[in-house]
Amino acid sequence: MNVGVLGAGQLGRMLALAGYPLGLRFRFLDPTPDSPASHLAEQIVSAYDDLHVLEQFATGLDVVTYEFENVPVEAVQHLYSRLPVYPPPEALEAVQDRLTEKELFRRLGVPTAPFVAVRSLEDLEVAVSKVGLPAVVKTRRLGYDGKGQWIVRQGADIQPTWEAADGAALIVEGFVAFERELSILAVRSRAGETAFYPLVENHHRDGILRRSCVDAATVGSALQRGAEGYAAGVLDALGYVGVLAIEFFEVRGSLVANEMAPRVHNSGHWTIEGAETSQFENHLRAVVGLPLGNTDTRGASAMINLIGALPDTAAVLQVPGAHLHLYGKTPRAGRKLGHVTATAADEDELDDRLKRLDSLLGKTLDAG
Ligand code: AMP
């Protein structure tokens, strides 16, 4: 089977790594030359919306997927008119706009922060008074890793926030005083079979994911069942095929959905070593029409992102249970260059290993 992937970043690279043992072959399309996946498979270097290039890309492929949710929907629809594309274009469309994404959550009974769409300074004033202070203002499109996002703490912040947004369509959300940020990775096959990974606790700094820890305590809990129920609702409503990530805030034992990603997700990298079947393999199994793999954990695990600077490879590998993944990127401040997953037999052993990794990566991570 020949799989085409829109986007050739680290997610594409890890998809290819998971797909080769299944005999899959890959072709990538990405405007940035020398992208991480290009070290493993053919990369066509082009913008996503060149119809002539899309034809060339599609030739000989059996199925197309994407690793990046900001590919133009028109490009995906164009491909969809000639071959299977999963997840379906409707899923992509729904998440590209934070308003339609939140409206979908609301329609499906998935709790969210209060939200209001905004197009003018007057709208913004009304919206802030509706959701209350502090309020979180986000661009509806193309925001990621905390970019295109402002906090309005007092009335005097409204005008400067409007100016900073520079005319972009906005959504205003109530500020959620959460205890934890959690995410769930869900997967649905072409046959409609579903599977869920355990909730993961995520830690961000400067809007970038730094660490994801599998929360052993939530396995089998009401929180886990709730997250699975919400994810199942979204999967079914969209006729979804592939891996879907939903990010939640935990507030006094309940979940409030923040956003979702119609793709494999950074908070699921631990599954490569920490689960029976990785998110990458399960995404591929889903999109090529194979049965899903078991999502159970293998012991305890946690993932640390390598951001901005690289650690000493040998030192990382000296920590038992440490698995290093480098994406082949040139270091630059704020850039995700790789990750380390620590695995262990139990939580105590994992804590020891994470402490060793923290002292070793501390300086590196501060540089990021
Ligand atoms: P996002 O771009 O929506 O993923 O937001 C980036 C980060 O900002 C989240 O991981 C949260 O830490 C924070 N954040 C986003 N929306 C809210 C909200 N409504 N209330 C509180 N914090 C938020």
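Whatever order the structure lists ligands and atoms in, that order sets their numbers, starting from 1.
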Salt-bridge contact [X]-[Y] (side-chain N to carboxylate O under 4.0 Å):
| X | Y | result |
| --- | --- | --- |
| K138 | E173 | yes |
| E201 | R211 | no |
| E259 | R98 | yes |

When you look at Y230 and F105, which way does the ring-ring contact (aromatic ring centres under 6.0 Å, His included) test go after all the steps?
CA-CA 9 Å; Y230 296 144; F105 283 144; 8.8 Å; no

Looking only at N/O atoms, are F175 and ligand 1 under 3.5 Å apart anywhere?
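No, no N or O pair falls under 3.5 Å.
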
Ligand 1 to G174 polar contact by distance, N or O atoms, under 3.5 Å:
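By distance alone, the answer is yes.
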
So for A177, does at least one of its heavy atoms come nearer than 4.0 angstrom to any atom of ligand 1?
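No; A177 lies far enough from ligand 1 that no heavy-atom distance drops under 4.0 Å.
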
Does R119 CZ have over 12 foreign heavy atoms under 6.0 Å away?
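Incorrect, the count does not exceed 12.
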
For F178, take its heavy atoms, then give the atoms of ligand 1 lying under 4.0 Å from any of them.
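Under 4.0 Å from F178, ligand 1 has these atoms: 12 (O), 21 (C), 22 (N).
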
Ligand-side contact atoms (ligand 1) for residue partner K138, heavy atom cut-off under 4.0 Å:
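Contacts of ligand 1 toward K138, numbered from 1: 3 (O), 15 (C), 16 (N).
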
Which bit of N258 gets closer than 4.0 Å to ligand 1, counting heavy atoms only: side chain, backbone, both or neither?
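Under 4.0 Å from ligand 1, N258 contributes side-chain atoms alone.
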
Given that the side chain starts at C-beta and the backbone is N, CA, C, O, which of these parts of V136 lies under 4.0 Å from ligand 1, counting heavy atoms, or is it both or neither?
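It is the side chain that gets close, since no backbone atom is under 4.0 Å.
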
I'd like the name of whichever of E181, R205, R98, H203 reaches closest to atom 9 (C) of ligand 1 through any heavy atom.
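That would be E181.
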
What's the spacing between Y86 OH and L83 CG if we round to 0.5 Å?
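The OH atom of Y86 sits 10.0 Å away from the CG atom of L83.
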
